[in-house]
Protein chains: 2
Amino acid sequence: MKQDLKKLYAAQAAVIKAMAHPTRLLILNALKKKETCVCELRDQVGDDISTVSKHLLVLKNAGLVAARREGNWLHYRLTCPCVLDFTDCIKGVAK
Amino acid sequence: MKQDLKKLYAAQAAVIKAMAHPTRLLILNALKKKETCVCELRDQVGDDISTVSKHLLVLKNAGLVAARREGNWLHYRLTCPCVLDFTDCIKGVAK
DNA sequence: CTTCTATTTGGCTATTTGGCAAAATAGAAG
DNA sequence: CTTCTATTTTGCCAAATAGCCAAATAGAAG
């Protein structure tokens, strides 16, 4: 594989990989509806809060979400809502 | 997480996970242009042919590609070209 | 300062993944 | 049948991942 192509696809794969987890898909879909704090996401996900926090770190490192502090709460939001546009296509493949 | 939601997102995540690898993205993009045999994909990818074959298995199990035999060659093709429609959006996140 | 609350980080373990090389297989052709 | 070619499968190992719990941190508030 040529070096420049390799880099291009590696960068894309890193983002896609961050999306490739059930919990993280749930989080992204929740954030699509509205900015949400970690504790509310934990309630929706049902896992330990440290687990949810780590998933959010993965999404943040990929550039998919960003946080805003308000008092004690951190509100996360989707940076690029378009990343969920292909969900219908994926459902078609998954069926 | 509710059980039905969990299943829904797990199914989607399985497909997305199959896409989340530089080599597999290269393969999908090659197949978008035209049906391609394994040995030609190996040339484009540059890895061992057994490695390429495994990647194709991953993509096949996810429902993203299908194969057609013609003599000694197996020609792979994209089952749902729409899965590459969001590449532009992903590039925007990845930058 | 101390305390409280929301969140992150570190440590640990079990599981999955990606790559190569060698062996196995499927079908074409002699 | 045997041989040849394209592809898949198996075995192995190093690295990455996900989950929980406990400990650490950041900022608000007394």
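These figures come from a predicted structure and were not determined experimentally. Just so we're on the same page: letters track the sequence lines, and every chain starts at 1.
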### Query
Taking OP1 and OP2 of C:dG19, is either one under 4.0 Å from a side-chain nitrogen or oxygen of B:H55?
yes
### Query
Taking CG from A:L41 and P from C:dA6, how many angstroms apart are they, rounded to a whole number?
14 Å
### Message
Please determine whether a side-chain nitrogen of the Lys or Arg among A:R68 and A:E70 lies less than 4.0 Å from a carboxylate oxygen of the Asp or Glu.
### Response
yes
### Message
Looking at A:K54 and C:dG11, is any side-chain donor or acceptor paired with a base atom of the opposite kind under 3.5 Å?
### Response
yes
### Message
Taking any heavy-atom pair under 4.0 Å as a contact, classify A:K60: base, sugar-phosphate, or nothing.
### Response
nothing
## Note on the structure
side chain to side chain contact (heavy atoms under 4.5 Å, CB included) test vs A:Y76 passes for just one of A:L64, A:L59, A:L31, A:T36, namely A:L31
### d(CD1, A:I49; P, D:dC21) in whole Å
13 Å
### Query
Nearest heavy-atom pair of B:K91 and A:L8: which atoms, and what distance?
CE-CD1, 4.5 Å
### Task
Using whole Å, report how far CG of A:D47 lies from P of D:dT17.
18 Å
### Query
Which class fits the ring pair B:H21 and B:H55: parallel under 30°, tilted 30 to 60°, perpendicular over 60°?
tilted
### Query
Given atom CH2 of B:W73 and atom P of C:dA29, what is their separation to the nearest angstrom?
9 Å
## Note on the structure
Base-pair string, DNA chain D, Watson-Crick plus G-U, cut-off 3.5 Å on both distances, | for inter-strand, is ||||||||||||||||||||||||||||||
### Main-chain N/O of A:L26 paired to A:R24 side chain as donor or acceptor, under 3.5 Å
no
### Query
Between C:dT17 and B:K17, is there an OP1 or OP2 to side-chain N/O distance shorter than 4.0 Å?
yes
### Query
Under 4.0 Å between a side-chain N/O of B:Y76 and OP1 or OP2 of D:dA6, yes or no?
no
### Query
Counting only side-chain N and O atoms of B:R69, is one of them less than 4.0 Å from OP1 or OP2 of C:dA28?
no
### Message
Tell me the interatomic distance from A:E40, atom CD, to C:dT5, atom C1', rounded to whole angstroms.
### Response
17 Å
### Task
Please determine if a side-chain N or O atom of B:R42 lies less than 4.0 Å away from the OP1 or OP2 oxygen of D:dA6.
no
#### Entry: Whole-Å gap separating C1' (D:dA6) and CG (B:L56)
13 Å
#### Entry: For atom CZ of B:R24 and atom P of C:dT17, their distance in whole Å
9 Å
### A:T51 (side chain) and D:dA18 (base): donor-acceptor pair under 3.5 Å
no
### Task
Look at the SG atom of B:C82 and the SG atom of A:C89, then say if they are under 2.5 Å from each other.
yes
### Query
Does A:Q44 offer a backbone N or O that forms a donor-acceptor pair with the side chain of A:R42 under 3.5 Å?
no
### Task
Please check the phosphate of C:dG19 (OP1 and OP2 only) for any side-chain N or O of B:H21 closer than 4.0 Å.
yes
### Message
Tell me the interatomic distance from A:D48, atom CG, to C:dT8, atom P, rounded to whole angstroms.
### Response
12 Å
